[in-house]
Participant: 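Please read through the structure below; I'll follow up with questions.
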Amino acid sequence: MSTQLPMVEVRGARKSFGAVEVLKGIDLSVDRGQIVAIIGPSGSGKSTLLRSINHLESLNSGEVWLDGVQVNQKLHGQAFERHINKVRQQMGMVFQHFNLFPHLTVLENISMGPIILKGMTRSDAHALAHSLLSKVGLADKIDAYPSRLSGGQKQRVAIARALAMQPKVMLFDEATSALDPELVDEVNAVMKQLAAEHMTMLIVTHEMRFAGEVADRVLFMDGGVVVEEGPPGDMFRAPQKERTRTFLKKYLSA
Amino acid sequence: MQGLDFTVVAPYWDLLLIGAWWTAVLTVSAGALSFVGGILFAVIVLYAPVIVAYPVRALMWVFMGTPLLLQLFLIYFGLVQIGIDIPALAAGIVGLGLHFAVYNADIIRAGIVAVDVGQTEGARSIGFGKWQTLRHVVIPQAIRNTAPPIGGNLIALLKESSIVSVIGIAELVHSAQLAISETFRPFEFYITAAALYYILNLVLEAALRLFERHVEASR
């Protein structure tokens with residue numbers, strides 16, 4: 001049997017902001033089609049970990065790999081630019097504050113990446129955008145500007161925009177944290193649909209219930225280290241570490 | 001004392017309209033140069049290596065710190081001395097264009113800095129390079145957000161373009177002066193020229209409003 005390469009692998013990741021070390025040696029391996037939820041208190045380093053996977057943060061030491069290619073290669077200047085732009089095309093990222101382009105319509109937001117970066121024809125890219133919008137339930141908003149959308153709709157467009165690049169992995173950085181509670185479900189539903197299609201996903205979240213429903217594995221981070229990890233059933237019902245228990249108690253009782 | 005008699009303007013109407021036409025040509029050309037130059041200067045000051053950024057900043061400082069009239073004299077009369085002979089119209093366009101490019105650059109630079117960092121992260125996360133991100137995401141938003149003051153500069157440029165009459169460009173004020181030298185009726189011709197400037201400005205403001213309405217559609 002051939003051993004399969006992990007889709008995402010992080011080895012010994014360390015990262016400091018000034019004198020504060022936010023990642024203190026993280027190892028993480030995510031298999032193809034696996035869904036990993038990363039939970040933990042604010043400032044635990046979970047967002048930084050996610051952002052360093054597509055090099056929005058550069059690690060001080062350690063390695064990040066995507067499907068057998070090192071993301072943070074020791075290249076310089078233009079060579080690294082070319083490399084990282086290629087790599088990022090294969091990773092979709094969804095942000096807490098959506099980061100849609102307000103000067104472009106929903107259609108343009110989604111089709112711009114495929115047209116400019118992949119050389120897709122305008123009509124193919126528009127067809128792709130249309131099918132992705134149907135998938136997230138927003139086909140009727142194709143010509144709207146982002147300012148006309150609710151938070152939940154914005155985030156679904158942002159997911160469609162990321163999917164338009166046909167990424168190998170999707171990174172969600174607190175995708176529902178900025179949403180009104182009643183808008184959270186529509187975004188979660190799209191993420192569940194992706195899970196059903198076996199998209200590899202890393203999900204930084206504060207929503208324990210959702211993490212429990214969708215994730216194959218849950219990572220609990222605190223103080224820049226992975227305190228504990230395991231299948232969601234074990235993690236939520238019988239956490240081994242005291243720190244995990246006190247953290248989860250606050251969330252699960254709420 | 002002479003009474004006012006605007007019928008003296010009639011025989012010179014064509015001359016004045018030709019002057020107004022050249023004022024429009026100057027404004028559009030120098031305006032385009034000041035816009036593109038403003039973006040270019042802003043990007044250079046923000047992102048270019050110091051070896052490029054410092055000389056450009058020095059040039060900007062010179063253009064901001066000295067009178068436009070002097071700059072025009074230098075470009076038109078001064079450069080000839082070192083072998084660079086520029087036709088008057090080109091000298092006028094370059095002088096006006098660069099002068100206002102410096103003011104636009106300051107505005108656009110502030111506009112670029114004010115675009116949320118999340119926009120850059122959003123674009124970079126898709127795989128856009130630095131330049132692509134600037135070109136397709138950051139600069140278009142910076143321009144939209146700074147459209148009112150840039151439009152204000154364009155209106156100022158239209159009016160300031162009268163100054164290039166001193167290097168002999170046959171724009172509106174120059175035409176009026178020509179007519180006055182033949183008729184000795186300064187009041188009628190300057191009033192008429194002023195009215196023509198006002199009309200040109202109305203057209204320009206209408207165009208700017210059209211652009212702002214287009215921008216409003218995305219807000």
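Sequence lines set the chain letters: A, B, ... in the order given, protein chains first and strands last, and positions in each chain run from 1. For the numbers below, each heavy atom of this structure counts, side chains included, while hydrogens, waters and symmetry mates do not. This one's a predicted model, so the numbers in the text were calculated from it and none came from an experiment.
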Participant: Tell me if the CD1 atom of B:Ile84 is crowded by more than 12 foreign heavy atoms within 6.0 Å.
Facilitator: yes

Participant: Under the side chain to side chain contact (heavy atoms under 4.5 Å, CB included) criterion, do A:Met112 and B:Ile126 qualify, and how do the steps go?
Facilitator: CA-CA 10 Å; A:Met112 149 187 213; B:Ile126 296 169; over 6 Å; no

Participant: Could you tell me which portion of A:Met91 (side chain, backbone, both or neither) has an atom closer than 4.5 angstrom to a non-hydrogen atom of chain B?
Facilitator: backbone

Participant: Side chain from CB out, backbone as N, CA, C, O: work out which of these in A:Phe95 comes under 4.5 Å of a heavy atom of chain B, or both, or neither.
Facilitator: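 For A:Phe95, the side chain is the part near chain B, not the backbone.
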
Participant: Going by side-chain hydrogen bond (donor to acceptor under 3.5 Å, both in side chains), name the residues that satisfy it together with A:Asp31, two or more places apart in sequence or in a different chain.
Facilitator: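 Partners of A:Asp31 by the side-chain hydrogen bond (donor to acceptor under 3.5 Å, both in side chains) criterion come out as none, since no residue qualifies.
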
Participant: Taking donor and acceptor roles from the modelled atom types, list the N and O pairs under 3.5 Å across chain A and chain B.
Facilitator:
{"from": "A:Arg51", "atom 1": "NH1", "to": "B:Glu121", "atom 2": "OE1", "distance (Å)": "2.9"}
{"from": "A:Arg51", "atom 1": "NH1", "to": "B:Glu121", "atom 2": "OE2", "distance (Å)": "3.3"}
{"from": "A:Arg51", "atom 1": "NH2", "to": "B:Glu121", "atom 2": "OE2", "distance (Å)": "2.6"}
{"from": "A:Glu81", "atom 1": "OE2", "to": "B:Arg124", "atom 2": "NH2", "distance (Å)": "2.7"}
{"from": "A:Asn85", "atom 1": "OD1", "to": "B:Arg124", "atom 2": "NH2", "distance (Å)": "3.4"}
{"from": "A:Asn99", "atom 1": "ND2", "to": "B:Gly118", "atom 2": "O", "distance (Å)": "2.9"}
{"from": "A:Leu100", "atom 1": "O", "to": "B:Gln119", "atom 2": "NE2", "distance (Å)": "2.8"}
{"from": "A:His103", "atom 1": "ND1", "to": "B:Gln141", "atom 2": "NE2", "distance (Å)": "3.4"}
{"from": "A:His103", "atom 1": "NE2", "to": "B:His136", "atom 2": "O", "distance (Å)": "3.0"}
{"from": "A:Ser147", "atom 1": "OG", "to": "B:Ser218", "atom 2": "O", "distance (Å)": "3.1"}
{"from": "A:Ser147", "atom 1": "OG", "to": "B:Arg219", "atom 2": "O", "distance (Å)": "3.2"}
{"from": "A:Arg148", "atom 1": "NH1", "to": "B:Arg219", "atom 2": "O", "distance (Å)": "3.0"}

Participant: If you count heavy-atom pairs under 4.5 Å between each of A:Leu104, A:Ile84, A:Leu171, A:Leu100 and chain B, which one has the most?
Facilitator: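 It is A:Leu100.
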
